Amino acid sequence: MIHYHVSFENPLTFYLQIQLTLTVPAEATEALELQLPAWRPGRYELQNFAQKIQRVVIDDADSGEVLSYRKLTKDRWQVADAAGRTVRVRYNFYAHQMDAGGSWLDESQLYINGVQCFMYAEGRQQEPCELTLELPESWQIACGLPQKAPTCFRPTVLSTSSNAR
């Protein structure tokens, strides 16, 4: 399962700390490629969401060993030695765009547009994932995703098989 974790240290900086954790099979022969979307549904123009990302750190979640990676394009990263590892990707995301397509953080609220801020592993979009939000206890959550625990969500994975209707 792919895990996303969202937290923040100081809402007045407008930066979210996002963590993506996934296990790469030992038999994987190709490098792990991480992608940030460049467009969002309903908006037919390319966006540069990656300009809001800073301090990308990729490591082995079990050993803490920092893994080397290279940035292929403005919104795509490649991790070479990921096979057989639980890869943890951490980065800051600037959430200070208050509109229907943006993400927003301040001292009283957090609004996340996942298309804008969540990297995904190329070729693994249909795998189950889980989202955990680390929020102040006094905050209320309004979210349409299926809830596993008070601050943990597990979106339904849609089948792409020809038998799905």
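The shown structure was predicted, so the numbers you read here are calculated from the model rather than taken from an experiment.
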Set of side chain to side chain contact (heavy atoms under 4.5 Å, CB included) partners for Glu27, sequence neighbours left out:
Pro25
Sequence neighbours excluded, the answer for side chain to side chain contact (heavy atoms under 4.5 Å, CB included) partners of Arg70 is Leu72, Gln78
Please identify each residue that fulfils side chain to side chain contact (heavy atoms under 4.5 Å, CB included) with Phe14, with sequence neighbours left out.
Tyr94, His96
Quick check: closest heavy atoms across Cys129 and Met1, and the distance to 0.1 Å?
CA-CG, 3.9 Å
Just verifying a value: how many Å separate Phe8 CZ and Leu133 CG, rounded to the nearest 0.5 Å?
10.0 Å
Does atom CG of Asp81 have more than 12 heavy-atom neighbours, drawn from other residues, nucleotides or ligands, at distances under 6.0 Å?
no
Spell out, yes or no, whether Val115 and Trp104 are grouped together once hydrophobic residues are joined by side-chain heavy atoms under 4.5 Å, including indirect joins.
no
Partner set under side chain to side chain contact (heavy atoms under 4.5 Å, CB included) for Asp59, not counting sequence neighbours
Arg88, Arg90
Closest non-hydrogen contact found for Leu145 with Phe153 is O-CD2, 3.7 Å
Minimum heavy-atom distance Glu134-Ser7, with the two atoms named:
CB-CB, 3.7 Å
Any non-hydrogen side-chain atom of Arg55 less than 4.5 Å from a side-chain atom of Tyr91?
no
Here the pair of heavy atoms bringing Phe49 nearest to Pro37 is CD1-O, 3.2 Å
Candidate pair Ile18 and Phe118, rule side chain to side chain contact (heavy atoms under 4.5 Å, CB included), full reasoning:
CA-CA 8 Å; Ile18 298 180; Phe118 292 139; 4.0 Å; yes
Val6-Leu105 co-clustered via ILVMFWY side chain contacts under 4.5 Å
yes
At their closest point, which heavy atom of Pro146 faces which heavy atom of Thr156, and how far apart are they?
CG-OG1, 3.7 Å
Please identify each residue that fulfils salt bridge (Lys or Arg N to Asp or Glu O under 4.0 Å) with Lys148, with sequence neighbours left out.
Glu130
Got a sec, which pairs hit salt bridge (Lys or Arg N to Asp or Glu O under 4.0 Å) with one end in residues 98-124, sequence neighbours left out?
Arg76-Glu122, Arg124-Glu127
If we ignore hydrogens and angles and just use 3.5 Å, is the side chain of Tyr69 paired with the main-chain N or O of Val56 as donor and acceptor?
yes
Cys117 versus Ile112, closest heavy-atom pair with distance
SG-CG2, 3.6 Å
Verify, without hydrogens or angle tests, whether Asn113 (side chain) and Gly101 (backbone) share a donor-acceptor contact under 3.5 angstrom.
yes
